[in-house]
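Structure first, then comments.
Residue indices begin at 1 and follow the sequence shown.
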Amino acid sequence: MQTVAPLRPSPPRRPAHASALLLPEAAPQSNGGQRPLLEGLTEREVALIMEKGRRRVLYRGATLFTQETPNDGIWIVESGRIRVFYAAPSGREITLAYWYPGNFVGGPDVFGAGLHKWSGMAASNSSVLHLPGKALRQLVTQIPALAIGVIEGLTFKGRCYSTLAQMLGTRSITERLAHLLLHLGDLYGVPEEDGTVIAATFTHADLAHMVGATRQWVTISLKRLSEQGVVATRRTQIVILRAEILAQMRGGEECA
């Protein structure tokens with residue numbers, strides 16, 4: 001087993017229940033996301049998994065896996081934040097989700113057959129534990145709780161990605177941006193006298209990738225919302241001033 005010490009990144013502030021940042025309006029599980037894969041396992045079972053795995057340290061921006069390349073198992077996120085996304089032939093990207101410690105990435109072919117359907121990269125300094133497909137297949141036959149965790153994780157991902165596809169196909173970009181801002185406010189919001197600060201840093205490009213738009217469109221839209229008094233921008237943070245207007249926009253009602 002590789003003995004590289006994991007990095008100690010400083011992830012953005014987030015409540016304990018936000019185990020994944022997802023754009024879809026899917027109903028979350030009781031903990032707000034995918035159940036941590038190793039939750040409920042005994043110390044012996046965890047030790048066996050660690051023995052079969054190989055740790056990998058990624059700096060921000062490093063590629064973990066790339067779509068259309070052979071898949072080989074899963075990666076359990078130990079620290080940091082992993083962004084999974086789909087890239088079209090034109091180069092345009094759409095973010096599927098950001099996954100946090102306790103989650104796993106690398107599906108849907110978790111046992112190593114087939115090609116990756118999307119890509120994964122480190123959105124911040126991260127440490128992951130790679131479980132090759134062959135080793136994972138052996139482990140799930142020995143550890144029922146791990147098998148259930150993998151099934152539940154794939155079910156949750158499938159539900160979220162299905163909802164995302166429906167949203168992209170039926171909602172306008174403006175509605176998706178309004179929903180995303182409210183969603184970020186729920187996950188990272190810090191109440192202030194004049195509104196709610198999204199206490200996490202997402203660039204305009206990050207927001208664009210999550211709603212399926214261009215960075216220029218997001219910049220123009222945020223400027224327009226700022227001029228209307230709906231949001232305010234402070235350096236790298238966004239402040240939601242009038243959540244009720246965003247809620248109207250999310251429902252398809254454009255503000256004047």
Report yes or no: does S127 contribute a side-chain atom to a donor-acceptor pair with the main-chain N or O of V57 at less than 3.5 Å? no
If I take atom CD1 from residue I220 and atom OG1 from residue T214, how far apart are they, to the nearest 0.5 angstrom? 7.5 Å
Between D72 and G133 (side chain of the first, backbone of the second, donor and acceptor by atom type, cut-off under 3.5 Å), is there such a pair? yes
Under the 3.5 angstrom rule, does the side chain of S119 hit a backbone N or O of Q67 as a donor-acceptor pair? yes
Approximate separation, where rounding is to 0.5 Å, of H204 NE2 and Q216 CD: 11.5 Å
Is a donor on one side and an acceptor on the other found under 3.5 Å between the side chain of N71 and the backbone of D109? yes
Shared hydrophobic cluster, L129 / M121 (ILVMFWY, side-chain heavy atoms < 4.5 Å): no
Check for a donor-acceptor pair, side chain of S162 on one end and backbone N or O of G158 on the other, with a separation under 3.5 Å. no
Does T219 reach the main-chain N or O of R215 with its side chain, forming a donor-acceptor pair under 3.5 Å? yes
The side chain to side chain contact (heavy atoms under 4.5 Å, CB included) partner of F202 among L184, L180, I238 is L184
Counterpart residues, ring-ring contact (aromatic ring centres under 6.0 Å, His included), relative to W118 (two or more places apart): Y161
Run the side chain to side chain contact (heavy atoms under 4.5 Å, CB included) test on M210 and V218 for me, step by step, so that the C-alpha distance in whole Å, both residues' side-chain angles and the decisive distance to 0.1 Å come before the verdict. CA-CA 11 Å; M210 283 188 273; V218 169; over 6 Å; no
Hey, what do you get for NZ (K52) to CG (L131), rounding to the nearest 0.5 Å? 10.5 Å
Would you compute the distance between atom OG1 of T141 and atom CG of L136 and round it to the nearest 0.5 angstrom? 9.5 Å
With a 3.5 Å cut-off and no angle check, do the side chains of R83 and H209 form a donor-acceptor pair? yes
Do W99 and F85 sit in one hydrophobic cluster, given that two such residues count as connected whenever their side-chain heavy atoms are within less than 4.5 Å of each other, even indirectly? no
Are the side chain of R176 and the backbone of R171 linked by a donor-acceptor contact shorter than 3.5 Å? yes
H130 vs W75 aromatic rings, parallel, tilted or perpendicular, using cut-offs 30° and 60°? parallel
To check you understand the geometry: which heavy-atom pair defines the closest contact between L96 and Y86, and what is its length? CG-N, 4.4 Å
Are the side chain of N103 and the backbone N or O of Y100 linked by a donor-acceptor pair below 3.5 Å? yes
If you round to the nearest 0.5 Å, how far is OG1 of T174 from CZ of R224? 7.0 Å
How many angstroms lie between CD1 in I240 and CD1 in I198, if you round to the nearest 0.5 Å? 4.0 Å
Would you say Q237's side chain and R234's backbone share a donor-acceptor pair under 3.5 angstrom? no
